[in-house]
Amino acid sequence: MAEFRLPANSRIRTGVTHEAPPGAREVRKFRIYRFDPASGENPRLDTFELDAADCGPMVLDALIRIKDSVDSSLTFRRSCREGICGSCAMNIDGVNRLACTTSLHDLGREIRIYPLPHMPVVKDLVADLTQFYAQYASVKPWLQAQSPAPPDSERLQSKEEQERIDRPAACILCACCSTACPSYWWNSDRYLGPAALLAAYRWIIDSRDEATGERLDALEDPFKLYRCHTIMNCTDVCPKDLNPAKAIAEIKKMLVQRQN
Amino acid sequence: MADQRLRSPLGRAIGLGSAKEGVGHWWAQRVSAVALILLGLWFAASLVALAGADRAAVAAWLHHPLPAILAILMLVAVFYHAALGLQVVIEDYVHSEWLKLSSLVAMRLISIALAVAGIFAVLRLAFGG
């Protein structure tokens, strides 16, 4: 059955509090999920008080500040700090988003930060995305064509054809959408999730691709595709303003279309 | 499923592959939903019109072919749509294979039994009175 309560070894305890430095002008409280598999202890929620006046404007700046000057063991992924690598996706105040593009100004005095929901946790804010990436790989996210490429040019597309794949191709695989989806929470072992399905859609509608039928065949499955119940959390949280829910609906429409 | 820890992540993601099924279920759920909008409106209006009527009046109403046929169609659509929806709920939340399979079979059989019982009741009123 679906589990509605965390297993005993995942229940969160109260952790330590690091108070704001003396003379802090604008104190913000960060309640951050901490988990260290090596310690053998349950996860805990640490509180870090930070002077926002002495810190960059984004949540990621605050995390880096904490790691630099309060607790160097705080673990999280980050790279580009401009919303294009997708590394710093985490659950901030109950919403999956990128720490680097989430402004502290848009959040309250107290900010709760957890790893992406319902994923195995490697350490602190780092979720294990192995399965998520494997699901992405399973939709064969590359061009498949039988016609050889023209010897003297690229495989051409019209401007309209390019525009159709332009948005879906902008996915950064941050996993905000899939880990916000209740269907993915309950059935991620068999449901591909919005990110992988958006990638599949991107190749299905690519005018240069010739494996459209095989791609649709591979998705026509009660679990791989049809676990999507149009909850639309995916579209709601996407930090790149993409629309995986619509992509999935389009795939479902194409599957009907090729039957009738 | 047997222990899969040593299987590659891609192997696990591919799993048993595609069932090549699901589009029929999805489409049937939508078509039956549209049918239920129309039949449901008709049924609600009929119930309002029959408010306070005794058994004889309802039987007389069902003696006419059109109400009897629509009532039977309504029952078929209701239990068909319910069975499709409950199937999704069970597949979503029941993860143990044997429990899932037995719940699905039981749910299907109960839906069919209820639909048949409803149709029988309509026919009895329509023909017997």
Side-chain angles (χ1 to χ4, degrees), chain A residues 1-4 119-120 128-141 178 181-193 195-197 199-200 213-231 248-249 251-260, chain B residues 1-37 77 80-111:
Chain A
M1 296 289 281
E3 288 173 33
F4 291 96
M119 300 297 266
D128 183 354
L129 297 177
T130 308
Q131 186 194 26
F132 173 82
Y133 296 137
Q135 285 166 325
Y136 173 66
S138 79
V139 306
K140 302 186 179 171
S178 291
C181 171
S183 252
Y184 192 75
W185 297 342
W186 304 154
N187 286 296
S188 61
D189 54 336
R190 296 181 68 183
Y191 174 46
L192 291 178
L197 290 170
E214 288 87 335
R215 292 182 190 282
L216 289 173
D217 283 345
L219 295 181
E220 189 181 346
D221 183 89
F223 280 84
K224 285 180 191 291
L225 171 70
Y226 287 102
R227 276 315 94 189
C228 166
H229 305 317
T230 330
I231 298 164
I248 298 171
I251 296 173
K252 289 174 180 170
K253 269 163 66 181
M254 278 184 266
L255 283 166
V256 173
Q257 191 190 349
R258 73 172 185 169
Q259 281 199 330
N260 297 340
Chain B
M1 244 339 122
D3 186 0
Q4 296 208 337
R5 270 176 299 178
L6 295 179
R7 207 167 175 204
S8 75
L10 181 59
R12 262 178 285 164
I14 293 168
L16 299 175
S18 159
K20 305 272 196 305
E21 192 190 281
V23 59
H25 178 286
W26 184 83
W27 185 239
Q29 201 173 23
R30 264 120 203 104
V31 172
S32 57
V34 172
L36 277 175
I37 294 174
Y80 184 46
H81 188 77
L84 293 172
L86 286 170
Q87 181 189 337
V88 172
V89 174
I90 292 170
E91 286 168 348
D92 272 353
Y93 292 113
V94 183
H95 285 166
S96 117
E97 276 307 317
W98 68 268
L99 188 60
K100 178 164 73 180
L101 203 62
S102 45
S103 320
L104 285 172
V105 171
M107 181 274 296
R108 264 290 155 99
L109 293 178
I110 291 169
S111 301

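All chains are named by letter (A, B, ...) in the order of the sequence lines, taking the proteins before the strands, and each is independently numbered beginning at 1. Values in this document were obtained by computation on a predicted structure and should not be read as measured data.
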Which bit of A:Lys252 comes within less than 4.5 Å of chain B, counting heavy atoms only: side chain, backbone, both or neither?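 Both parts, heavy atoms under 4.5 Å.
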Under 4.5 Å from any heavy atom of chain B - which part of A:Phe223: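 Contact with chain B: side chain only.
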Beyond-backbone contact of B:Arg108 with B:Ser111, side-chain heavy atoms, under 4.5 angstrom: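 Not in contact.
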Verify whether one side chain among A:Tyr226 and B:Gln29 offers a donor that lies under 3.5 Å from an acceptor in the other.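 The criterion, which ignores hydrogens and geometry beyond distance, is not satisfied for B:Gln29 and A:Tyr226.
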More than 12 heavy atoms of other groups within 6.0 Å of A:Glu214 CD: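 It does: A:Glu214 CD has more than 12 such atoms within range.
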Electrostatic pair A:Arg258:A:Glu220 at N-O distance under 4.0 angstrom: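 Result for this pair is yes, salt bridge flagged.
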Which one wins on heavy-atom pair count under 4.5 Å against chain B: A:Gln131, A:Arg227, A:Gln259?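 It is A:Arg227.
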